[in-house]
Every structure is written in C-alpha cells, then in structure tokens.
Protein chains: 2
Amino acid sequence: MKVLLIEDEPSLATDIRKYLKSNDMLCEGVNDISTALEKIAAYEYDCILLDLMLPDGDGFEILETLKREQRQEGIIVISAKETLETRIEGFHLGVDDFLVKPFHLSELLVRIQALVRRKKFNGNNLVNFNEIEIDILTKNVKVKGVKAELTKTEIDLLLFLIGNKSKVLSKSAIAEHLSGDMADMLDNHDFVYAHIKNLKKKLGEAGSEDYIKSVYGIGYKWQHE
Amino acid sequence: MKVLLIEDEPSLATDIRKYLKSNDMLCEGVNDISTALEKIAAYEYDCILLDLMLPDGDGFEILETLKREQRQEGIIVISAKETLETRIEGFHLGVDDFLVKPFHLSELLVRIQALVRRKKFNGNNLVNFNEIEIDILTKNVKVKGVKAELTKTEIDLLLFLIGNKSKVLSKSAIAEHLSGDMADMLDNHDFVYAHIKNLKKKLGEAGSEDYIKSVYGIGYKWQHE
DNA sequence: TTCTATCAGTAAAACTTTCATTCAACAAAC
DNA sequence: GTTTGTTGAATGAAAGTTTTACTGATAGAA
C-alpha cells in the first residue's frame, strides 16, 4: 500500500509517516504543491493525504489535476478547519474523506484502510479468480461461466472474504459480519461452518483447488490472487 | 487483557462483553460513574471503554480522576454523537481514541488492540531474557522477534519457571503444577521431560545458551537475569 | 418454498503422555 | 585418575486424548 502525504507541518508529517510505516504502509512525504505534482506525475499511489494549506498555494490545484487526469487514487483531505463550503467543493473535486486536525493517528489509519477497500471495488465491478467471476455491483457470481445461485448470506460471506483477501478472518468476526452484530451469534461457530460449507460447494471447490482456506483454531481466509 | 466497560445501555454492554470475551479478553461492565470509580480504584485495566452519557453524570469525571492519578490505562470513548469540542476536550484529558455509535464490534476490537499495543511500548507486562520476550498478560512469547507458538502447557511451564527465577523446581513440583494436582502424575517424570524438551526447542535453546538449566537429581531452574 | 440455524455424528488436527533408546552425570572401586 | 556400573536426563517416535472442524439431515424462520 503506497501513500503520498502532502503536508508542510514537519512534526505532523513525521508522525504520520512513522505511524503509517509501522503499520506496513509505504508513505512518501512532500511539503509543497509543485513537488506533489511531480510525484503524482511519476508514480501511482493507493491513497493521497492532502493538507489544503500549503506554502505555495492551496491544495485544490492538486485535486483539479487529479480529476483532470482521471486518477484513481483515494483522496483524504487533512485540514485545520473545515467549512461546509470547502467540504462541498472538495467532494466535487473527488475528495473521498475529510479529517479535521487534531485527529488521532489510529483514526487516520482506519480511514485510509476503509477508503482503499472501498476504492478497490470501484471502477470495474468484475473480480476474477480463476474460474470464478464476481460482479461486485450486481452480486452475480459465475463459476466456469455458469451462473451460480448464491443466497444472500453466501454472497455476503463471499464479499467479506475477498474484501479481506489473504487476511485470516476469525470465526467470530465472520459471525458478527453475517449476523449483523447479533452478539448471541458470536460464539456460535456452527453456522459459520455451515455457510462456509455451502459456499465452497457452490464455488465448485473440488478440494485440490481451494479458494477458501481454513486456518485451524482461528478462521478462514481467501487465498487466491 | 483486562477491559473495563462503562456503558449504561444494557444490550450494547452485553454485546460488547460477549464479543470481547470471545476474543480472549476479560471484560467487566459497570453502568454508572460511581461503580466505575470503585472498580478503577480497586483494579488495574489495560483499556477502559467509556460512554460519556451516564445516568449519574457525564464521563469526563472519570477522565479527570484517571488523569489526576496518572493512570496508564488506554481510554476509548464511545459516544452517540461527537463534536469537535468534546473531541478536543477528550484528548486533553488523555482520551486515546473515539468511537461513534453505531460501530462494528470488530472495529472496536481492532482499536482496543491497536491502542494496547501502542501503550505497551511504555513499558509493562513485558519480560525480557536475552532474545526471548514474554508478555505476561497476553501470554505471547517472541523469540528473536518472531512469535513462538507455545501450547497451553508450555506457556504454563514457562511462566512457572520464570515466576520462580533461579529457584530450582523439583520435577514433582512441576508435575503437580502442570497436571493440576493430579496425584498420579507426581512420580511420572517422563511427561516433565517431554514438556521441558518441547519448550526448550521452541525457545530456540542451542545448548550453549541455556535458559532452562537441568539440576541433576532434582529438577530444573530458570537461569537468566 | 427457499433460506437459515441447529444438532449429532464423524473426521481431522493439535496436543499430551508414554515408551524405548541413547546419552550424560555421578559414585565407588581399582 | 581412570574405569565401570548405576541412575538420571534427553530424545524421537508412537499411542492416546482433547479440541476443533466438517458434514448431512432436519427443523424452524422468512
């Protein structure tokens, strides 16, 4: 995950960079608009963190460039103060999220992750894994070109899994997700087993070719690129 | 990991408690300020979850107490609505994170864990011996920075040993401890040998550099400062 | 009817204990 | 100081136990 940080306040910038790095992200920092535009021209990022008040102008310039070039990066604006106007203007220019100073670094992290997760499914709605094709939007699933009739829960489970690709999801996390936070479901692993089983069957898992991998003692993960 | 939940809405409180418990945390719940203050006076927690709107006042009182007494607990505020002002005031009073209802339990969990992880770097719970790091609370063990997967018995044995550092423990004492006072285990030394062996292996003992020293004819001791 | 949750029985994995064997420590005799 | 016998300790592998996961059938809910 690559993040570009455009922020001229050195101490905050350092803090953010350190924090993101310690959470397994690559984070480059620049402190003015012109350098930012160079970077953006040269590289692709997953997410851009933008402070609006910069020494050589205000950050909307960058937003316009990104929009003109139809870039796909997620954009989070960091600002000291935030008015309804800047917010509206920002959203028109493609800003995905606002964060008002002072904020906690953990919140920034959560928002970046949420944003990137959202973005990943935008643009092209089709996700492919070998013989499986999933349309995120219409929630149609095809296995070897043939439509698979998944139930609501099964689709929900499938999207949860592929949305956390290669991350292991605990059974209670899955239970929470599927049951919509019904706490009395959390320690009921049977229904997780059941849905996993049914989903695997409909995805045509023949054993050798596993999409959903069970992790003993913990839960499941989607293992497929 | 011990969590204190201060929340007066019973159903939410129950949900949270169950969820945290199913994720291996100890969670106590109270529903007003006075009980909370009693608990805080009597016990130490890793993390305090605080709803600001409580029947007998607002939660800032608790924050002030915690701050006055320079307590080390991580604090996450759970609130129905959140203004910039409460947020700033909160941070000044030592709040580490805010969570606005409604939220997903999994998000709460992630934040607690992230918070506690951060806090831990301000020294506690961690015991170090050379290349071994033991977290007494979470019972996680790292060898050369890599997590070692110890079984329940192995952790039990390890804690017994380091808890009696440099004291020699007889094999029957170890047997008694591990078997939970099963009398027929006391003169069975084979299983002590076995567990010692497995533990040594997982701790990466290369022979030269011994943590667990065997004392001929008696038992074992942990020799390391 | 379709979908979801539960149950009971089975399978699989991990963990514990035992066993047989080899290796090391101590003590007595030379 | 060396030899030798005896006992204690370490080890790998196997058997036994417990825990966790999977499955098909079924009953209940939508």
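Per chain, numbering begins at 1; letters A, B, ... match sequence-line order.
Between B:I196 atom CD1 and C:dA24 atom P the separation is 19 Å, expressed in whole Å. The distance from atom OH of B:Y216 to atom C1' of D:dG8 is 4 Å, rounded to the nearest whole Å. The CD-C1' distance, from B:E149 to C:dA14, rounds to 12 Å in whole Å. When rounded to the nearest whole Å, the span between OH of B:Y220 and P of C:dA24 equals 15 Å. Look at CD1 on A:I212: it is 15 Å from P on D:dA21, rounded to the nearest Å. One can place CD1 of A:I218 at 11 Å from P of C:dA14, the figure rounded to the nearest angstrom.
Side chains of B:T35 and B:D32: a donor-acceptor N/O pair is present below 3.5 angstrom, by distance only. There is no side-chain donor-acceptor pair under 3.5 Å between A:H104 and B:D96.
Among the candidates A:K197, A:K213, A:K200, the single residue satisfying the salt bridge (Lys or Arg N to Asp or Glu O under 4.0 Å) test with A:E205 is A:K200.
When heavy atoms are screened at a 4.0 angstrom cut-off, A:K201 is found touching no nucleic acid atom at all.
Side-chain rings of B:W222 and B:F160 stay apart, their centers remaining 6.0 Å or farther from each other.
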Per-nucleotide protein contact string for nucleotides 3-9 of chain C, where B marks a base within reach and S marks sugar-phosphate only (heavy atoms under 4.0 Å, - for neither): SSSBB--
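Pairing each heavy atom of A:C47 with each of A:I112, the nearest pair is SG-CG2, 4.1 Å.
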Can you name the atoms? Protein N/O to nucleotides 28-30 of chain D N/O, anything below 3.5 Å, with the distance.
none

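Phosphate contact (OP1/OP2 of D:dG8, side-chain N/O of B:S214, threshold under 4.0 Å): absent.
In this structure, B:E9 contributes its side chain and B:S11 its backbone to no donor-acceptor pair below 3.5 Å. No side-chain donor-acceptor contact under 3.5 Å links B:N130 to the backbone of B:I132.
Residues A:D187 and A:S172 form no side-chain contact, since every pair of their non-hydrogen atoms from C-beta on lies 4.5 Å or further apart.
For B:G217 and A:K171, each mapped to the nucleotide of DNA chain D holding its nearest heavy atom, the one lying further toward the 5' end belongs to B:G217.
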Run B:I76 and B:F98 through side-chain contact (heavy atoms from CB on, under 4.5 Å) and show every step you take. CA-CA 6 Å; B:I76 297 177; B:F98 278 88; over 6 Å; no
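Contact of A:Y193 with D:dT20 (side chain to base): no donor-acceptor pair of N or O atoms is detected under 3.5 Å.
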